[in-house]
Asker: 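The structure under discussion is supplied below as structure tokens; questions concerning it will follow.
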Amino acid sequence: MSEIVSLEVLKPSSALDGSHGVNRGSGPMQIDAQDDRSAILAWLARFADSPATLSSYRKESERLLLWCVLQRELALSSLRHEDMLAYQHFLADPSPAHIWVMAPGQKPARSSPLWRPFAGPLSPQSVRQALSIINSLFSWLVAAGYLAGNPLALARRKTKQRSPRVTRFLSMDQWKQVRITIESLPQETERQKAQAARVRWLFSLLYIGGLRVSEVCDGKMAGFFCRPGADGKDRWWMEVTGKGEKTRLIPATTELVSELMAYRRSRGLSPLASHDETTPLLLPLIGAPKPMARTAVHEIVKSVMEATAARLRLSGTPEAAAAAAHIEQASTHWMRHTAGSHLSNQVDLKVVRDNLGHANISTTNTYVHAEDDSRHDATAEVHKAGWTLR
């Protein structure tokens, strides 16, 4: 088997690059791609304005292309239904592991010779997600005229409807345990104080604001602003740009603004940002005030979840062990689900929809301040992280 390399530098031989794949379309094409890698890159280019989606889709298409070339020894544009069945089994057990799976605890750069496309076997849910993304790729390549047919189109469709319930969130009691971990972070040195302040602020953004990780990393503190409502009352808001470059307003509750001011003071900044300030929402502990990478944010969240799980296991009770097992699986996006789940139990779903940006917001809503004010009050009244007072 050849060396594992990333999609950016992979150069299959002419026999495996797809230029003569048996499933290539015979009619006119809508994309300028003559091989499989170029076709995948054309598909991925559509998601350039959505970093999280691009990263996820690149990962799955890259895994498939590497498997085709290096293990199946077949061009992607020559895949048939039987090949996709084999690939489904491969996702659940990428072997040989020493070739396909990264060493435990390692997160090398994609350019490193130690990089591998898998961190381990995929769960059944992750396999379904991977195949769903690959199905979208194939369908698009068929529509573009690059492929004659979709090799996943014959996959067996389960008639049983999966539950629409979201399970990747923390219960109120589990969120309380995470808060305890955060509020117990050591603050003996200046660095520890800065780190504790950043962790608390990050979780405030994720829970009170319901932000996506991309919104945390790309957001600016100048996004916070105050405006008078239709009733003459001043309210604070946070403007963020989310998926698809869509901008939305999130109620900046009294608690969230208080956390913002505390975090800014911990960094030696004025309590509130000026309208033209470029300071990122979340800052590195040292160095220039630049946006943090999504991987760094994920690592912060994961470390808090793992610390919480470890502490719960010390009690030795079955209930604590079950809670620990759930919490240690939690990711950054779980916090967004947690925020939405907790809020939806207490307010109208329209409030949740608009806060999390699940639906398009009409341009006319810019002028309908009364509805926004009602949503602000509904959110601020019931949705709080529950931090202890400083």
Asker: Working to the nearest 0.5 angstrom, can you tell me the gap between Leu185 CG and Gln192 CD?
Answerer: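 Answer for the CG-CD pair, Leu185 versus Gln192, is 9.0 Å.
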
Asker: Before you tell me yes or no, could you show the steps for Glu255 and His383 under side chain to side chain contact (heavy atoms under 4.5 Å, CB included), namely the whole-Å CA-CA distance, both residues' side-chain angles and the distance that decides it to 0.1 Å?
Answerer: CA-CA 9 Å; Glu255 184 186 34; His383 192 50; over 6 Å; no

Asker: Classify the ring geometry between Phe90 and Trp67 as parallel (under 30°), tilted (30 to 60°) or perpendicular (over 60°).
Answerer: tilted

Asker: Phe47 and Ile31: same hydrophobic cluster, using ILVMFWY side-chain contacts below 4.5 Å?
Answerer: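 Linked within one cluster.
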
Asker: Does Val257 share a hydrophobic cluster with Leu343, counting links as ILVMFWY side-chain heavy atoms below 4.5 Å and allowing steps through other members?
Answerer: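 No; Leu343 is not reachable from Val257 via cluster members.
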
Asker: Taking atom CD1 of Ile134 and atom CG of Leu91, what is their separation to the nearest 0.5 Å?
Answerer: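 Going from CD1 on Ile134 over to CG on Leu91, the span is 8.0 Å.
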
Asker: Are Leu206 and Leu249 connected in the hydrophobic side-chain network, where two residues link if heavy atoms are under 4.5 Å apart?
Answerer: no

Asker: Evaluate the ring planes of Trp387 and Trp175, with Trp represented by its six-membered ring, and classify them as parallel (under 30°), tilted (30 to 60°) or perpendicular (over 60°).
Answerer: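 Aromatic pair Trp387/Trp175 classed perpendicular.
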
Asker: Please evaluate residues Glu60 and Arg63 with respect to the criterion salt bridge (Lys or Arg N to Asp or Glu O under 4.0 Å), reporting the C-alpha separation (whole Å), side-chain torsions for both, the decisive distance (0.1 Å), and the verdict.
Answerer: CA-CA 5 Å; Glu60 298 305 341; Arg63 285 171 171 174; 3.3 Å; yes

Asker: Has the side chain of Ser132 got a donor or acceptor atom that lies under 3.5 Å from a matching backbone atom of Arg128?
Answerer: no

Asker: Looking only at side chains, do Ser77 and Asp36 share a donor and an acceptor under 3.5 Å apart?
Answerer: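 Yes, side-chain donor-acceptor contact under 3.5 Å.
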
Asker: Determine whether Thr332 and Ile300 satisfy the following criterion, side chain to side chain contact (heavy atoms under 4.5 Å, CB included), listing intermediate values before the conclusion.
Answerer: CA-CA 9 Å; Thr332 308; Ile300 293 173; over 6 Å; no

Asker: Per the salt bridge (Lys or Arg N to Asp or Glu O under 4.0 Å) rule, which among Lys302, Arg313, Arg311 passes with Glu328?
Answerer: Arg313

Asker: Which one of Lys246, Arg248, Lys220 satisfies the salt bridge (Lys or Arg N to Asp or Glu O under 4.0 Å) criterion with Glu215?
Answerer: Arg248

Asker: Do the side chains of Val304 and Val301 join up, straight or via other hydrophobic residues, at under 4.5 Å, putting them in one cluster?
Answerer: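 Yes, it is one cluster - the side chains of Val304 and Val301 are joined through contacts under 4.5 Å.
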
Asker: Quick one: sort the Trp237 and His376 rings into parallel, tilted or perpendicular, breaks at 30° and 60°.
Answerer: perpendicular

Asker: Verify, without hydrogens or angle tests, whether Trp201 (side chain) and Leu281 (backbone) share a donor-acceptor contact under 3.5 angstrom.
Answerer: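 Confirmed, Trp201 side chain pairs with Leu281 backbone.
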
Asker: Ignoring hydrogens and geometry, is there a side-chain-to-backbone donor-acceptor pair from Ser341 to His337 under 3.5 Å?
Answerer: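 Flag set: sc Ser341 to bb His337 pair under 3.5 Å.
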
Asker: Given Asp83 and Arg72, is the salt bridge (Lys or Arg N to Asp or Glu O under 4.0 Å) satisfied, shown in steps?
Answerer: CA-CA 8 Å; Asp83 299 308; Arg72 198 67 169 178; 2.9 Å; yes

Asker: For a quick test of reading the model, state the closest non-hydrogen atom pair linking Gly210 to Ala339 and the distance between them.
Answerer: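 Gly210 and Ala339 have their closest heavy atoms at CA-CB, 4.1 Å.
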
Asker: Can you confirm whether more than 12 heavy atoms, excluding those of Glu381, are under 6.0 Å from its CD atom?
Answerer: no

Asker: Are the aromatic rings of Tyr146 and Trp140 close, with centres under 6.0 Å apart?
Answerer: no

Asker: Looking only at non-hydrogen atoms, find the nearest pair between Leu76 and Cys68 and report the distance.
Answerer: CA-SG, 3.9 Å

Asker: Do Trp115 and Gln106 have side-chain N/O donor and acceptor atoms under 3.5 Å apart?
Answerer: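 No.
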
Asker: Between Ser78 and Asn23, do the side chains contain an N or O donor and an N or O acceptor separated by less than 3.5 Å?
Answerer: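 Side-chain D/A pair, Ser78 to Asn23: absent.
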
Asker: Verify, without hydrogens or angle tests, whether Arg294 (side chain) and Ser214 (backbone) share a donor-acceptor contact under 3.5 angstrom.
Answerer: no

Asker: Taking Ser258 for the side chain and Thr254 for the main chain, is one N or O donor matched with an acceptor at less than 3.5 Å?
Answerer: no

Asker: Is there a donor-acceptor contact under 3.5 Å from the side chain of Ser55 to the main chain of Ala52?
Answerer: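 Not confirmed, Ser55 side chain does not pair with Ala52 backbone.
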
Asker: Nearest 0.5 Å, please: how far is CZ in Arg179 from CD in Gln174?
Answerer: 12.5 Å

Asker: Please answer whether the main-chain N or O of Leu272 pairs with a side-chain N or O of Ser270 as donor and acceptor at a distance below 3.5 Å.
Answerer: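 The answer is yes, because a donor-acceptor pair under 3.5 Å joins these two groups.
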
Asker: Evaluate the salt bridge (Lys or Arg N to Asp or Glu O under 4.0 Å) criterion for residues Glu62 and Arg110: first the C-alpha distance (whole Å), next the side-chain angles of each, then the deciding distance (0.1 Å), finally the verdict.
Answerer: CA-CA 12 Å; Glu62 180 178 60; Arg110 290 169 54 79; 2.7 Å; yes

Asker: Are Ile286 and Tyr263 grouped together when hydrophobic residues (ILVMFWY) are joined by side-chain heavy atoms under 4.5 angstrom apart?
Answerer: no

Asker: Given side chain to side chain contact (heavy atoms under 4.5 Å, CB included), test Leu256 with Ser204 step by step and report yes or no.
Answerer: CA-CA 7 Å; Leu256 185 58; Ser204 296; 4.2 Å; yes

Asker: Indicate the atoms forming the closest heavy-atom contact of Tyr207 with Met335, along with that distance.
Answerer: CB-CE, 3.8 Å

Asker: Assess, by modelled atom type and distance only, whether the side chains of Ser126 and Ser123 contain a donor and an acceptor separated by less than 3.5 Å.
Answerer: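 There is such a pair between these side chains.
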
Asker: Is it the case that the side chain of Gln71 and the backbone of Ser95 share a donor-acceptor pair, with hydrogens and angles ignored and the cut-off at 3.5 Å?
Answerer: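 Flag set: sc Gln71 to bb Ser95 pair under 3.5 Å.
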
Asker: Check whether His342 reaches the backbone of Leu170 with its side chain - one donor and one acceptor, N or O, closer than 3.5 Å.
Answerer: yes

Asker: For Arg198 versus Leu283, what's the shortest heavy-atom pair and its separation?
Answerer: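 Between these two residues, the closest heavy atoms are CD-O, 3.1 Å.
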
Asker: Can you tell me how far apart NE2 (His326) and CE (Met305) are? Round to the nearest 0.5 Å.
Answerer: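 The CE atom of Met305 is 9.5 Å from NE2 of His326, to the nearest 0.5 Å.
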
Asker: Where is the tightest heavy-atom contact between Pro94 and Pro121, given as atom of each residue plus distance?
Answerer: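 So the minimum-distance heavy-atom pair works out to CD-CA, 3.7 Å.
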
Asker: Nearest 0.5 angstrom please: Leu54 CG to Leu44 CG, how far?
Answerer: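 Answer for the CG-CG pair, Leu54 versus Leu44, is 6.0 Å.
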
Asker: Which heavy atom in Glu183 sits nearest to a heavy atom in Gly386, and how many Å separate them?
Answerer: OE2-O, 4.3 Å

Asker: Between atom CG of Asp17 and atom CZ of Arg37, what is the distance when rounded to the nearest 0.5 Å?
Answerer: 11.0 Å

Asker: Strictly below 4.0 Å, N to O, side chains only: are Glu259 and Arg264 in salt-bridge contact?
Answerer: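 So Glu259 does not pair with Arg264 through a salt bridge.
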
Asker: Does any N or O in the side chain of Arg191 come within less than 3.5 Å of the main-chain N or O of Glu188, such that one atom is a donor and the other an acceptor?
Answerer: no

Asker: Check this for me, if you would: do Asp234 and Arg227 make a salt bridge, where the nitrogen-to-carboxylate-oxygen distance has to be below 4.0 angstrom?
Answerer: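 Salt bridge absent between Asp234 and Arg227.
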
